[in-house]
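Here the structure is a predicted model, which means the values were calculated and not measured.
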Amino acid sequence: MNGRSVVRVTSRSFGETTPRAFAVLEEAGHSVVGEPRGPFYGERLIAELYGARAAIVGTDGLDAAVLDRLPDLCVIVKHGIGIDNIDLDAARDANITVANVKGSNANAVAEYVVGAMLMTVRRLAAAQASLGRGEWRRFIGRELGGLTIGLLGFGRTGRAVAARLSGFGPRLLAFDPLVPPDDAARGGATLATFDEVLRESDVVSLHLPLEAATRHLLDAAVLARMKRGAILINAARGGLVDAEALAESLDSGHLAGAAIDVYDHEPPPNDHPLLGREDVVCTPHVAAYTVDALDATSLIAANHVVDILAGRACEDALTGPFDRHDGTS
């Protein structure tokens with residue numbers, strides 16, 4: 001579907017580290033509108049996207065009510081991996097091609113996860129806070145090599161975490177119903193059941209998509225099945241964890257700590273139960289924020305838009321085919 005199209009960018013991080021991402025769209029002959037940036041929801045999002053044929057989005061709320069009022073929109077590309085903010089069924093009904101960017105930030109997130117493990121296992125955040133108060137306390141931690149680390153989800157990011165942990169030498173367990181045991185072994189992990197990962201792991205890291213079946217998957221009952229004294233790492237999706245239940249598990253001493261980069265609502269409210277705790281490392285959704293990952297994600301997203309608008313196949317397309325319009329916007 002050739003012709004000049006309006007491409008609306010609402011993702012805050014698109015092109016943040018490389019102007020080349022905008023150039024890719026402009027050199028393909030498209031008009032790019034990049035300000036203001038989102039996230040947007042409801043009527044504001046409709047107003048921002050109205051008249052655009054393509055959108056590069058972040059966490060904007062693309063539900064059925066929004067998509068139904070955007071008759072010109074043909075392409076949505078998520079600047080990232082998670083697409084829980086996009087109603088794929090509604091997009092299919094509207095013949096909108098939706099794509100994400102798979103794998104471009106796996107290394108960045110994996111490095112964050114390993115760093116978060118070190119911070120929590122060695123209690124570095126608590127030690128820093130203590131020293132800042134003028135105290136001179138010794139915080140006893142543990143070494144990763146002596147631990148069992150469980151990965152819930154063993155896709156690109158889970159495997160990247162496993163690869164980076166190989167030098168530390170921990171026992172690695174992985175739960176992923178889509179991965180055969182031989183594939184897990186080649187990735188450096190032993191495939192286990194969900195309950196085995198919870199029961200045996202000193203550190204559990206989440207690498208699952210957020211879907212109806214996984215929302216608040218780690219609720220009070222599931223957290224209670226984790227090994228006493230374990231640590232939880234979540235750099236996947238905030239909705240996977242019941243934050244209130246996690247805070248209660250930490251208060252009771254059942255869990256020893258956590259590292260959280262994602263939240264049910266972002267930014268989280270000031271009274272979020274996990275903020276301000278010395279046993280929790282909280283960061284503002286920055287696991288994928290490296291120059292390398294942002295460059296790659298932006299360039300791939302831009303090329304996805306160009307390819308789909310030109311009628312070419314997109315390997316990351318989640319809906320399609322692109323068959324809605326044959327004219328210019």
Side-chain donor-acceptor pairs under 3.5 Å in residues 144-151, sequence neighbours left out?
none

Rounded distance [0.5 Å steps], [atom1] in [X] versus [atom2] in [Y]:
X: Leu208; Y: Phe175; atom1: CG; atom2: CZ; result: 7.5 Å
X: Asn234; Y: Ser205; atom1: CG; atom2: OG; result: 8.0 Å
X: Ser5; Y: Leu73; atom1: OG; atom2: CG; result: 11.0 Å
X: Leu318; Y: Asn100; atom1: CG; atom2: CG; result: 4.5 Å
X: Leu210; Y: Arg237; atom1: CG; atom2: CZ; result: 7.5 Å
X: Leu275; Y: Cys282; atom1: CG; atom2: SG; result: 5.0 Å

Surrounding [atom1] of [X] (heavy atoms of other residues, nucleotides or ligands, distance under 6.0 Å), is the total greater than 12?
X: Gln128; atom1: CD; answer: no
X: Glu143; atom1: CD; answer: no
X: Glu315; atom1: CD; answer: no

What are the two closest non-hydrogen atoms of [X] and [Y], and how far apart are they?
X: Ala288; Y: Ala293; answer: O-CB, 3.4 Å
X: Ala258; Y: Leu246; answer: CB-CD2, 4.2 Å
X: Ala90; Y: Leu67; answer: CB-CD1, 4.0 Å
X: Ala287; Y: Ala235; answer: CB-CB, 4.0 Å
X: Gly58; Y: Thr10; answer: N-OG1, 4.0 Å
X: Phe40; Y: Asp60; answer: N-OD2, 2.8 Å

So do the side chains of [X] and [Y] get within less than 4.5 Å of each other, counting heavy atoms only?
X: Arg277; Y: Asp251; answer: yes
X: Leu309; Y: Arg53; answer: yes
X: Leu255; Y: Ile231; answer: no
X: Leu70; Y: Tyr50; answer: yes
X: Val113; Y: Met117; answer: yes
X: Asp261; Y: Val109; answer: no
X: Arg159; Y: Val179; answer: yes
X: Val305; Y: Val24; answer: no

Check whether [X] and [Y] end up in the same hydrophobic cluster, where Ile, Leu, Val, Met, Phe, Trp and Tyr are linked by side-chain heavy atoms less than 4.5 Å apart.
X: Leu172; Y: Phe154; answer: yes
X: Val280; Y: Leu206; answer: yes
X: Leu165; Y: Tyr112; answer: yes
X: Leu217; Y: Leu173; answer: yes
X: Leu45; Y: Ile96; answer: yes

May I ask you to decide whether [X] forms a salt bridge with [Y], counting only side-chain N to carboxylate O separations under 4.0 Å?
X: Arg37; Y: Glu16; value: no
X: Arg20; Y: Glu27; value: yes
X: Arg8; Y: Glu48; value: yes
X: Arg171; Y: Glu200; value: yes
X: Asp316; Y: Lys78; value: no

Review point. Hey, mind stepping through Asp292 and Asn107 against side-chain contact (heavy atoms from CB on, under 4.5 Å) and telling me if it holds?
Key: CA-CA 9 Å; Asp292 315 75; Asn107 290 339; over 6 Å; no

Do you see a donor-acceptor pair shorter than 3.5 Å between the side chains of [X] and [Y]?
X: Asp176; Y: His207; value: no
X: Thr297; Y: Asn105; value: no
X: Asp295; Y: Thr18; value: no
X: Thr283; Y: His285; value: no

Review point. Does the ring center of His272 lie less than 6.0 Å from the ring center of Tyr263?
Key: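 Judged by ring-centre distance (under 6.0 Å), His272 and Tyr263 do meet the cut-off.
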
Point to revise | Near-ring test Phe22/Phe14, centroid separation under 6.0 angstrom | key: yes

Exercise for review: Decide yes or no on side-chain contact (heavy atoms from CB on, under 4.5 Å) for Phe168 and Leu118, but give the supporting numbers first.
Suggested key: CA-CA 11 Å; Phe168 292 94; Leu118 289 168; 4.1 Å; yes

Would you say the side-chain atoms of [X] pair up with the backbone N or O of [Y], donor to acceptor, closer than 3.5 Å?
X: His79; Y: Gly15; result: no
X: Thr214; Y: Pro209; result: yes
X: Asp279; Y: Ala256; result: no
X: His254; Y: Ala230; result: no
X: Arg69; Y: Ala65; result: no
X: Arg137; Y: Ala127; result: no
X: Ser201; Y: Val197; result: yes

Study note, to complete from the structure: Residue set satisfying side-chain hydrogen bond (donor to acceptor under 3.5 Å, both in side chains) with Asp195, at least two apart, ordered chain then number -> Arg225

Exercise for review: Not counting sequence neighbours, which residues clear side-chain contact (heavy atoms from CB on, under 4.5 Å) with Ala220? List them please.
Suggested key: Ala245

Exercise for review: Given side-chain contact (heavy atoms from CB on, under 4.5 Å), test Glu43 with Val66 step by step and report yes or no.
Suggested key: CA-CA 8 Å; Glu43 294 293 332; Val66 168; over 6 Å; no

